[in-house]
Visitor: 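Questions regarding the structure given below will be posed in turn.
Throughout, a chain's letter reflects where its sequence line sits, starting with A, and its residues are numbered from 1.
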Amino acid sequence: MIKKFDKKDEESGSGSNPFQHLEKSAVLQEARIFNETPINPRRCLHILTKIIYLLNQGEHFGTMEATEAFFAMTRLFQSNDQTLRRMCYLTIKEMANISEDVIIVTSSLTKDMTGKEDVYRGPAIRALCRITDTTMLQAIERYMKQAIVDKVPSVSSSALVSSLHMVKMSYDVVKRWVNEAQEAASSDNIMVQYHALGLLYHLRKNDRLAVSKMLNKFTKSGLKSPFAYCMLIRIASKLLEETEAGHDSPLFDFIESCLRNKHEMVVYEAASAIVHMPNCTARELAPAVSVLQLFCSSPKAALRYAAVRTLNKVAMKHPSAVTACNLDLENLITDSNRSIATLAITTLLKTGSESSVDRLMKQISSFVSEISDEFKVVVVQAISALCQKYPRKHSVMMNFLSNMLRDDGGFEYKRAIVDCIISIIEENPESKETGLAHLCEFIEDCEHTVLATKILHLLGKEGPRTPSPSKYIRFIFNRVVLESEAVRAAAVSALAKFGAQNDDLLPSVLVLMQRCMMDSDDEVRDRATFYMNVLQQKQKALNAAYIFNGENTHCAPSLNLRALVCVDISGPIQEVRLCLSVSSVPLANTPITEQKTEFAPVATSKLPEKPGPTRQDIYQEQLAAIPEFQGLGSLFKTSEAVQLTEAETEYVVRCVKHTFARHMVFQFDCTNTLNDQLLQKVMVQMEPSEAYEVLHYVPAANLPYSQPGSCYSLVRLPEDDPTAVSCTFSCTLKYLVKDCDPNTGEPDDDGYDDEYVLEDLEVTVADHIQKVLKPNFAAAWDEVGGDFEKEETFALASVRTLDEAVGNIISFLGMQPCERSDKVPENKNSHILFLAGVFRGGHDVLVRSRLALADGVTMQVTVRSSDETVVDIILASVG
Amino acid sequence: MTAQTCPRQHQRTTMEIASLEPSLYTVKAVFILDNDGNRLLSKYYDKELYPSMKEQKNFEKNVFNKTHKADNEIAFVEGMTIVYKCSIDLFFYVVGSSQENELMLMAVLNCLFESLGQILRKNVERRCLLDNMDGVFLVVDEIIDGGVILESDPQQVIQKVNYRLDGSEQAYGFDLFDYIVGNIDGQTDRSQCA
């Protein structure tokens, strides 16, 4: 026996644990003594403790054995040992879900709940409510009501809290106890107050008026419990938010008054509530910020943490409000609690000036290894924000980030760093080379496929355009040798881009490609073969189409498309082109949002995972179901909805423009807001200003009150004059009105014709152009070629800034800005905007627009397209 | 720490979500670990948070790893605010959501710690805690009910639990009891302990 014990002791390491080697079966065996008479309270207590301990350790009890033990336990109610009885209550609660027929103890518990022993009453109520279901609740309702208003605080609290737990189960029954809860709320005991308030709010929370009344009462009467105050503050701030009441509301005054409460808990809750309020002004924030500032020097770590976390929150929206606390925050950087130090430093990063950045970064690096991943991500996000604020500091940041990248850390942390580096590279061209070098080093030892492919994609995009592209090749090819399929495939794509853009590297890239063609994975092999063939042609146009800007195209239907190209690639270019246009590429549909996920094609082409249907796909399907619109071809573009009425009129009409190759369909979504009318045969009559011809109206048969319906008009675009891209339609809503009973909706038999004038509808050049992202604009520019290039200069007199000009051009032409040229760098007075799109009918259009700022904006527009008419149309429309 | 050991991490990296719904359900979990990170007692009050035993133990391990080196009172782990305290070879933790008022959680932790200090006669250490596990269960039950703070005043808790611990007599009683049950282990151990 003793020997066995020694062994145990060694195993457990630090002193023995009387519960260490408990066997469930042995304990259940022991539980048989529950049935012995007389009851030995001490032994039984010990066994019950063991059972609860086992349950707590996660030991699984079968229903049979649990039920058996439970029934044996019920016998222990005969003993009057207090602790034993209390442990029985605990056992009941623990086993309520495991054992069967737990309701057999109902009568014992009801007896204890209403008995003389106050020590039993509270716990008995809580145990009873745990095993009670909706049907039994009626039986104990009377006792519950009494218990809620009982003068013994523990009884009242227990009843209130148990009621709260049961609200989820039987709201209707518990709701009837509102008056009792109301009475309990005026109790002298602070916990009873708190629990009563919680229950009352929970029962009334859907009735804003009742909540408001309740708040009014309690904020005036004054509660004693700090917990109750915190609860009141939360309720008040929620109500403020919902009612969008101004900050002159008495509720706001109440919250502000709590800043002077004597309990720190309440003061903090109030400060936090004010800080979290939307559209709070600096003046309203000030008192909250100053109490938080005081807390920063508290000896209690939790309070310092709470304060600095909340200040961090303030700094996101109102950095200037926190500046006053900078000194206190700097003291917290050396706090022994690393969480507090991190929050302090990230707050400082948000509020600090450019000159303090270096010092702060040094301080962060001294402890970054000691904090949890969650906080590391917070730090990285703060740095990322800082980089945008002070772009000149990018070298310090880059250095710091690369050190962080080398440290251990989870995926989220690494991703945050990589995203941050990428954004620095994109914002600051001069940091590109260092950034890429750090990322190259990172992928040498990177366990996260997503990050590796993302970086490889970036390398392919940016690497070839750096002064010495050759140094990246080694890093990329290492991936081909060492990594998983997805990474290998991404590496092959990146390699191809180098080959296509750098003639002197081409031979070595081809050699590497050759080796990739023997890869064990299909996708990698296919890609290598495909790129090999394209590269061998040494034709700029092919490179541009399939390597740089191909990413969008072979995103979804990759393999088939490329297989097709591979077959024909030896033929003349025209033929290849043909193949591509035959498969009528969903390129036009590529939503702009895919810009960000571009690095994903590797993954997507492996799994046949398609993005959910786009809005346009849904419309296409709806239109195809209408017989009049068959034979129009595939839907080219769908515009955003245009409102043709004011929002609050009798009939609300909005129009969606669908563009097809030679036609347009106008979809009018109408809503009838009059409940005493039924509209029938609703259609919108259109009078075009140009040579557009209305072919067909598809009316909506019925338009009852508040049920939206759609009618359509089909318009043929003028074929003899392709330059007529813009047109104004005057629109009139025509319909048959039948009056009807607003209550039953029953319409009269007779109706009368009526009409309603709508606002004019404009068709502009943007409706004929679909956005397309060209990741490499220069290559696309060369690909289209200068055959139909035209150039013209305009003066935009009314525009004052470059930003405004860029925004106007983009929205007017409805084309996709490329190479991030939609962002105008600060303090520059000239800018080049690159736009790409596809014109109706499938002609690529590229626009290069040079802008110069001097007393208004001068704009030189160069347009290239594969079709001359398109060039003319664009220039004509701009003029 | 890598991502595998904390499966929830990726869902909860953002520190703040929407504002807090006013509610009495303040405490998400409470647990007591020994100095090897083993669970002695643990209660989870939010069924959606770590529903399985495996997730709970992973979480406890993660929390323990991040907190046992320094007694820092408060930490932020897997998107949860954690307040803690250690005593000799025991670690006490109270867990709340990231938006919870930290001081409320501290009130719970302090109440738990002081109540246990009283019923264990200041011997807040592993062996003594395990010997009086029934009292510990009852104290936790009086402080938190289903996540709601039931009582925050240690005096009230002691009064409600009304737990008797009589040093020598208790020990003797247990020895006798152990002897009767045939568990001599306990006896040897107690002499070492003393």
Visitor: Using every non-hydrogen atom in the two residues, find where Val27(A) and Ile47(A) come nearest and quote the distance to one decimal.
Guide: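 In this case the closest contact between Val27(A) and Ile47(A) is O-CG2, 4.1 Å.
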Visitor: Go through the atoms of His202(A) and report whether side chain, backbone, both or neither lie under 4.5 Å from a heavy atom of chain B.
Guide: neither
Visitor: Check whether any side-chain heavy atom of Met87(A) lies under 4.5 Å from a side-chain heavy atom of Thr49(A), and answer yes or no.
Guide: yes
Visitor: With a 4.5 angstrom heavy-atom cut-off, could you sort out which part of Glu59(A) is near chain B: side chain, backbone, both or neither?
Guide: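 Neither; nothing under 4.5 Å.
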Visitor: Shorter than 4.5 Å, heavy atoms on both sides: which option in Met133(B), Met53(B), Met104(B) has the most such pairs with chain A?
Guide: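 Counting heavy-atom pairs under 4.5 Å, the top option is Met104(B).
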Visitor: Given heavy-atom pairs under 4.5 angstrom as the criterion, report whether the side chain, backbone, both or neither of Arg86(A) touches chain B.
Guide: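 Contact with chain B involves both backbone and side-chain atoms of Arg86(A).
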Visitor: When only pairs under 4.5 Å are counted, which of Val161(B), Thr26(B), Leu150(B) shares the most heavy-atom pairs with chain A?
Guide: Leu150(B)
Visitor: Counting only heavy atoms not in Lys57(B), do more than 12 sit closer than 6.0 Å to its NZ atom?
Guide: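 More than 12 within 6.0 Å, yes.
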Visitor: Which region of Lys93(A), side chain (C-beta onward) or backbone (N, CA, C, O), has a non-hydrogen atom less than 4.5 Å from a non-hydrogen atom of chain B, or is it both or neither?
Guide: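 Answer is side chain: those atoms of Lys93(A) sit under 4.5 Å from chain B.
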Visitor: Under 4.5 Å from any heavy atom of chain A, what part of Ile149(B) do you find: side chain, backbone, both or neither?
Guide: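 Both backbone and side chain.
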Visitor: Below 4.5 Å from any heavy atom of chain B, which atoms of Leu90(A) appear? Answer side chain, backbone, both or neither.
Guide: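 Only the side chain of Leu90(A) comes within 4.5 Å of chain B.
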Visitor: Measuring heavy-atom distances to chain A, does Met106(B) have an atom under 4.5 Å in its side chain, in its backbone, in both, or in neither?
Guide: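 Contact with chain A involves the side chain of Met106(B) alone.
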